[in-house]
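This report refers to the structure that appears directly beneath it.
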Amino acid sequence: MPEVYRVDLLTRQIMSPDVDWSYGEPTEMLTNKTFEVDGSDGGESSGAYIVRIPCGPRNVYLHKELLWPHIQEFVDGCLAHILNMAKVLGDQINDGERYVWPHVIHGHYADAGDIAALLSGALNVPMVLTGHSLGRNKMEQLLQQGRQTKEDINSTYKIMRRIEAEELSLDTAELVITSTRQEIEEQWGLYDGFDVKLERILRLRIRKGLSCHGRFMPRMVVIPPGMDFSNMIPDAGDSIDTDLETTMSDPGSPISEPPIWSEVKRFFSNPHKPIILALSRPDPKKNITKLLKAFGECKPLRDLANLTLIMGNRDDIDEMSNANATVLTTVLKLIDKYDLYGQVAYPKHHKQSDVPDVYRLAARTKGVFINPALVEPFGLTLIEAAAHGLPMVATRNGGPVDIHRALNNGLLVDPHDEKSIADALLRLVSDRSLWAECRRHGLRNIHLFSWPQHCCTYLSRIALCRMRHPQWKDESNLELDEDAHSDSLRDVSDLSLKLSIDDKLTATNGLLEATETQQKAAHNGESTPTVSNFKHELEKVRKEALPEEVDQYRSSSIERFSSSNGNLYNRLPNIRRKRVLVIVAVDLYNVRGMPDDMTAQAIRNVIKATKTNIFPRTPGYILSTALSLKETVEFLQSKELQSEFDALICSSGSELYYLSSSIHDSHNGGIEAQFFADPDYATHIEYRWGGEGLRKTMAQLLIADEGNESRKEPALIEDTSNSNSHCLCYQVKDPSKVPKVNELRKKLRIRGLRCHVIYCRNETKLHVLPLLASRAQALRYLFVRWGAELSNMFVFVGETGDTDYEEQLSGVHKTIILRGCVEKGCDGLLRSGYSYHREDVIPLESPNIVNTDEAADAVEIQNALRKLE
């Protein structure tokens, strides 16, 4: 379409003899010159492409359930491709002055949603999600069948890992595209991260200028799948005035009879009667047996019509699955019970190419298409039938409601009520004018489900996503009306808009919030500054949130980094000139949650091992820690390590600092290596940060926990001295009494709060960070910001660590696990009860992960590094 310059479909590259050779092609162009409009040159790199990213074992096809441990590697590969294309397109379109970033990143299915969320966080680009088959819904259905336990389901389908990926996708997505309203209310409604009522309340509060206190809900819109109707146009023989017996039996008819017609008609005593057509697999949920009972019980319907059941292909019922075999056996018994021989067709075989002909046969006989499923998520066959001129009778549960609203070409029924089904079918086959009216409506409105219509609707929706991108490349910002694509909110006028923490309203959590002064100004018709003073408000919050003694280590103003007054802060960070980066992320703390001599020794071992000729050039060094900046600098100074590191990732990834070139006398007379803050990092991780609203909600949760009379003191206490503008820190008083990470995130998600929860420092601290802030994401930020190649990063960790430990292990970077270094981490506070496992996150056999021997000294570290060569 002319509005789109380029589309990249990112998928896994597979070079296996089990699949076609094309799956191994790195890039495949899907469009040619027909993609261009008005004959103009679309550009050298314009068009639609499949881009295949290698991840996991290169020569093995993996089922989707086995791909989860390789997600991080795929993210890194996608990130490299996107950055390369941003530069290429910038050169072609903007003469190299600005990179061209994606407008949105659209994730399809759970694993791609997880990937899109991480890419969105790394690039600060909006995310769109389409869930397709949802994990919670699938698990409910499998449990209802009663053939598998929860543990069996999780083992087979990795269902809990899938559900968590879908929850993270909901946390991140600005827009969720569904096929039907049923998917929104009955499927997404099962998730912690989405609540229909709360979503409407938050939207209305934003419209009225009220604070949402850091709470967010993704916008969900219904965009039905598109279809190609080029081969479905009813021909002249399908005219409603065509004589039935002529078109069915005249050998001189201009349209030859397809083979499937004779295969169906051989079942009928009178093949000229209207055909009631049902087309589905023989699954109990499709409710075919209820349809057959309705047909058998209604003699007037049997007298007027025949019934055709297209139930897939079969050779022997005994060789089918138990559920399908049971349905087929019941069908045969019901035919015999009601003596429906000569009135019901159930052919054993058909080809996919026969399906349009079956629809045409039913339309020629002035028949009806029926979908009696107990619940139908969408109903693609209803659209196919309408395109062939068939009126429909369909279940009132699920997608058919939306289809009927759009097409108005039939009747909806209760799938549990046999009489309702029979009466609807009888009305349509007996009332010729009603049948003709439904047919006309269907053919007139079917374009609403075409691919062009789908694309137009899709583009109109994503155009309204607030444009975000790495701001250091391009400062432009497109302000859009967030309610331009909203559903009507008139139906929620009776809802209470009050939230549990409504108090004094603030303007610091990234949403359009109003203070009392702003509300008064709005009431008087005056404009209120909100977005324009965002940077000012953010700086104000930083100063208020941090104690004064921390300011000596902070250089948060952009001027210190970009001003041209000649000071040394104007120089670029040293890591930009380093080809190799060594990241020390060893979570080694004593019982008080502080680093000690053992921590310092582990750091010295890594530095000693990597400053030799193991690398062709001296690497850059980064310390990645849960300590605050003040604690980190004090520790490094006390161990005389302050000049070893080029950058610090502090407070679990909520802050990023670089070593400056200035060396000056510190207050105590020693030499201090001054670190200054990355001026863009705070805004880069700001997305959906709850800020003060999140802090108040956490306070409420802590009070609720204190209400337990058996607890003498609270298990968590706010630690303001180690908090900062993007990290709420809490002291863990009793690790056995605090909620696990998954439990706490569930409590926050239910309240519309999106954040990253991390227990750290030997179970002594809890950090609550912005949703997509982490130590792992900070490394991707360095790649995006400074071009530090992820494949040239070497991350050193212990055998355990903080609860973000798993996030740091996999990817295209190299991971060296120092065995025997960290005896105790925070693994026990990560997941509880029925959840996924570490092997669902980390590849057990990866060429990028190596272990040292028990004695993780410099020699053993060098030996481990040689394994990566």
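For the numbers below, each heavy atom of this structure counts, side chains included, while hydrogens, waters and symmetry mates do not. The chain is numbered in sequence order, starting from 1. None of the values given here were measured: they were computed from a predicted structure.
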Q) Please, which pairs that meet salt bridge (Lys or Arg N to Asp or Glu O under 4.0 Å) have at least one residue in residues 73-90, sequence neighbours excluded? A) R58-E73, D76-R780, K87-D91
[X] side chain to [Y] side chain, donor-acceptor N/O pair below 3.5 angstrom:
{"X": "T130", "Y": "H132", "value": "no"}
{"X": "E28", "Y": "S22", "value": "no"}
{"X": "Y658", "Y": "D678", "value": "yes"}
{"X": "N848", "Y": "S846", "value": "no"}
{"X": "Y836", "Y": "E164", "value": "no"}

Q: Please check if the side chain of Q13 supplies one atom and the backbone of I53 the other of a donor-acceptor pair under 3.5 Å.
A: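 Here the side-chain-to-backbone pair does not exist.
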Q: Inspect the contact between D114 and R161 and indicate whether a charged nitrogen and a carboxylate oxygen are less than 4.0 angstrom apart.
A: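 Salt bridge flag = yes for D114 with R161.
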Q. Below 4.0 angstrom, N of the basic side chain to O of the carboxylate: do D680 and R785 qualify?
A.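 Here D680 pairs with R785 in a salt bridge, since their nearest N and O are under 4.0 Å apart.
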Q | salt bridge (Lys or Arg N to Asp or Glu O under 4.0 Å) partners of R775, counting only residues at least two apart | A | D587, D802, D804
Q.
List the residues meeting salt bridge (Lys or Arg N to Asp or Glu O under 4.0 Å) with D195, not counting sequence neighbours, and say none if there are none.
A.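 With sequence neighbours excluded, D195 shows a salt bridge (Lys or Arg N to Asp or Glu O under 4.0 Å) to no residue whatsoever.
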[X] side, atom [atom1]; [Y] side, atom [atom2] - distance, nearest 0.5 Å:
{"X": "M220", "Y": "F194", "atom1": "CE", "atom2": "CZ", "answer": "4.0 Å"}
{"X": "I403", "Y": "F378", "atom1": "CD1", "atom2": "CZ", "answer": "4.5 Å"}
{"X": "M15", "Y": "Y23", "atom1": "CE", "atom2": "OH", "answer": "15.0 Å"}

